[in-house]
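We're numbering straight along the sequence, starting at 1.
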Amino acid sequence: MTGKQKRYLRALASTMPAVVIIGKGGLENPVIDSARAAITKRELIKVKVLNNCLEDPKEILPDLADMLGAELVQIIGHNGVLYKKAKDPKIELPR
């Protein structure tokens, strides 16, 4: 993914609310399942790691992206943005 494409996705995600929230339990199966369902439907999701999570967001968000087969677009503080191109893409990335 190019820098221009990442900038475009960051701009789209800036106004989105967090769809997946990771809490005290970390990456449990219900969290992974809800993230998989959300990214399949939306292509671009924002994930929030709560303060009571025992793991660091910089470690847990790349793990979640790997589990979903998604691209980690950015991590800012406790928020991360994930993108996975759908079979029928709704988001058209710039070249």
Side-chain angles (χ1 to χ4, degrees):
M1 181 173 289
T2 67
K4 188 175 187 178
Q5 292 170 335
K6 284 188 177 186
R7 275 195 311 272
Y8 178 72
L9 292 173
R10 285 195 307 259
L12 288 177
S14 67
T15 58
M16 290 174 45
V19 177
V20 178
I21 298 174
I22 301 173
K24 188 176 181 180
L27 284 179
E28 295 178 333
N29 286 337
V31 173
I32 297 167
D33 293 341
S34 69
R36 184 172 286 120
I39 204 161
T40 302
K41 184 175 181 180
R42 300 177 181 217
E43 289 184 276
L44 184 69
I45 61 171
K46 190 181 281 188
V47 181
K48 180 168 182 71
V49 180
L50 296 179
N51 290 335
N52 65 355
C53 183
L54 302 176
E55 298 181 55
D56 185 36
K58 290 183 175 138
E59 295 173 4
I60 201 167
L61 290 172
D63 291 343
L64 179 61
D66 288 341
M67 290 177 194
L68 299 176
E71 181 88 23
L72 181 61
V73 178
Q74 81 173 13
I75 299 174
I76 293 182
H78 289 271
N79 294 315
V81 178
L82 301 175
Y83 172 75
K84 183 176 179 183
K85 187 174 183 177
K87 293 177 184 173
D88 183 25
K90 299 173 190 166
I91 299 173
E92 179 137 357
L93 293 177
R95 296 206 177 254

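Rounding to the nearest 0.5 angstrom, the gap separating the CZ atom in Arg36 from the NZ atom in Lys84 is 7.5 Å. Remark: Leu27 CG to Asp63 CG distance equals 6.5 Å, nearest 0.5 Å. Annotation: the span from Leu64 atom CG to Ile32 atom CD1 amounts to 7.0 Å, rounded to 0.5 Å. Between the CG atom in Leu93 and the NZ atom in Lys4 there is a gap of 11.5 Å [rounded to 0.5 Å]. A distance of 11.5 Å separates CG in Leu9 from OG in Ser14, rounded to the nearest 0.5 Å.
When side chains are defined from C-beta on, Ile22 counts as touching Val47, because their heavy atoms get closer than 4.5 Å.
Looking at every heavy atom in both residues, Gly26 comes nearest to Cys53 through CA-SG, 4.3 Å. Residue Met1 comes nearest to Tyr83 through the heavy atom pair CE-CD2, 3.6 Å, listed as atom of the first residue, atom of the second, then distance. Residue Met16 comes nearest to Leu12 through the heavy atom pair CG-O, 3.7 Å, listed as atom of the first residue, atom of the second, then distance.
In terms of modelled atom types and a separation under 3.5 Å, the side chain of Lys46 and the main chain of Val20 share no donor-acceptor contact. The main-chain N or O of Pro94 is found under 3.5 Å from a side-chain atom of Gln5 such that the two form a donor-acceptor pair. Of the possible donor and acceptor atoms, none in the side chain of Glu43 sits under 3.5 Å from a partner among the backbone N and O of Pro89.
By the 4.5 Å side-chain criterion applied to Ile, Leu, Val, Met, Phe, Trp and Tyr, Ile21 is assigned to a cluster that also includes Leu50.
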For a quick test of your reading: what N or O donor-acceptor pairs under 3.5 Å do the side chains of residues 68-79 make, sequence neighbours left out?
from, atom 1, to, atom 2, distance (Å)
His78, ND1, Val49, O, 3.2
His78, NE2, Asn51, OD1, 3.4

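Crowding of Arg42 atom CZ: a count of heavy atoms from other residues, nucleotides or ligands under 6.0 Å not exceeding 12.
In this structure, Met67 is a member of the same hydrophobic cluster as Leu82, with clusters built from ILVMFWY side-chain heavy atoms closer than 4.5 Å. Under a hydrophobic-cluster definition in which Ile, Leu, Val, Met, Phe, Trp and Tyr are linked whenever side-chain heavy atoms come within less than 4.5 Å, directly or via other members, Leu61 and Leu44 are assigned to different clusters.
With sequence neighbours excluded, no residue satisfies side chain to side chain donor-acceptor pair (under 3.5 Å) with Asp56.
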